[in-house]
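Here the structure is laid out as structure tokens; the discussion comes afterwards.
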Amino acid sequence: MLLSLLCEKNYSIDKLSILNLRRSDLFNFTLKMLRRASKIQKLSVCTDSEESQLVSESANFIQNNAFNRKDPDLELEKVVFGTEEEALSELSHFIPAIKHKKPSHRVVERVAKWQDDNDLAVTKLQTQPHWAISKPSENSDDESDNDLARTTGDYLVSSFDLPSDKLDVKKCTDANKEQPSRGKIKSVEFLERAQLMLTASMDSKLCFFQVDGKFNPKIESIGFESFPIFKAHFTKDGEQVILGSWHKSFKIFDINSMKISHVCMKGLEHAPNTKNFVISPDGRHMCLVGQYGYLHLLSVKTRELVHTFHMNGPAEAVCFSSNGETMLSHGDDGEVFIWDIKSRTCRHKFIDEGCTKGTGVCVSSGDLYVATGSYSGVVNIYDESCFEVRSPKPLKAIMNLTSSCTSLTFNSTAEILAISSNFADSALKLVHVPTQTVFSNFPKKTSSLHIPISLDFSPNSGYLTIGNNKGKALLYRIRHYSSY
């Protein structure tokens, strides 16, 4: 009101000058002006000269008492809200606890105020049932194992160089201690997105266990009538498990809905069973090994036939490259065939040195190494030159197995190669890949693995599991790796 009166009388003054006044001065001055105005009103006469004198004094007071501060916003804040003590005192009427509230150091997650179209490309994971989500153990007395149990992300992490002489490994409680199998465990596999693993056995049981290294509680067990399981694999998204048997059909177990579906393969030529199949790392394709060298490439999504490859002799083993664009097969003629998935052609083949009958083949992460197993038990390790050279020289021929090599697998960092034979007791070795030497302290002479049938490393190599002929899934903690 005072400002409008001054402007009406053509006095040059701005709002900032008003706001720069001390509150006490402004209050006292306003009170003085109101008293004077009251006296004038009592006289019922207000001449132009008196009114002009009142306005003139107001303008002069404002101009003479306004602060010349460098930061007018600070004074404006004080005029509006008062000092900090005054503001807290006023707020205390509405939030009494504010005076006693301790400062919080909680980190607040920052949320974007908008989303671009490109942001929608982030991978979305569908929710899983509660039993498929891992929970760390609270009772473990091993601090390092507790740390491991809480680590489930960033599955391809780098590590310090793995020592080549001895492997720091600890025997853990059997992964399936709560429900051992009544038959041979033909498949063991870790889930990539949670601390969960499966066991599949000849007693037609598929079991899931939470991996904590100490208790390994059973999560779920599913029985299949007259369907002894020879092979089981998680799909790439972890939402389904595909199972093969001596029947001419697959079983599909859906983790989210807990339902089982049946996929018949009767239309495939020279495919009497579904015992031997693999899924590509990209999750798009799966290859079913048939008779007489036939390899059937199927779509994981539709389970329909994409293409049928044919090699010269009977095929015994097949695997995919790390990107899923190439497939390798090994068989009775001692040659390794390299197939191009896009062009559906044989891109290359090389002779496996010293091999008369191939029994296994696997590729490391990044396609740095290729390992081949033979009927004689010799395992050859090649570098990436084998993808181009017709007769490559192996980096090393591992001769520690005395019977046919039936299982081969690299760990995630391509530092360890696990090789085994299901024809002899404790026939398993771990190879230090960079130096091509065998770890001397595993397995221990005092411990019996029985006959190893299947094996797998966890996504970050923190665990190794071995399924044997006694229905046990042995579990070992590799301490060099800090992550599951």
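Quick caveat: nothing in here was measured; it's all calculated off a predicted structure. This chain uses plain numbering: 1 for the first residue, then up along the sequence. Computed over heavy atoms, backbone and side chain alike; hydrogens, waters and symmetry mates excluded.
Between the Asn468 side chain and the Ile453 main chain, no donor and acceptor come within less than 3.5 Å of each other. With hydrogens and angles ignored, the 3.5 Å screen pairs no side-chain donor or acceptor of Thr465 with any backbone N or O of Leu475. Side-chain atoms of Asp174 do not come within 3.5 Å of backbone N or O of Asn176 as any donor-acceptor pair. Although no hydrogens or angles enter the test, the distance criterion places a donor-acceptor pair under 3.5 Å between the side chain of Tyr484 and the main chain of Leu196. Between the Thr274 side chain and the Gly244 main chain, no donor and acceptor come within less than 3.5 Å of each other.
Listed by chain and number, the residues in a side chain to side chain donor-acceptor pair (under 3.5 Å) with Asn312 amount to none (sequence neighbours excluded). Legend: residues meeting salt bridge (charged side-chain N to carboxylate O under 4.0 Å, His left out) with Lys357, ordered by chain and number and at least two apart, are absent.
Of the options Leu455, Leu401, Ile451, a side-chain contact (heavy atoms from CB on, under 4.5 Å) to Ser420 is made by Leu455 and by none of the others.
Residues Asp352 and His330 have side chains that bring a donor and an acceptor to within less than 3.5 angstrom of each other. Judged by distance alone, the side chains of Glu269 and Tyr292 never bring a donor and an acceptor atom under 3.5 Å apart.
The local environment of NZ in Lys171 is crowded, with over 12 non-hydrogen atoms from other residues, nucleotides or ligands closer than 6.0 Å. Heavy-atom neighbours of Arg182 CZ from other residues, nucleotides or ligands within 6.0 Å: at or below the threshold of 12.
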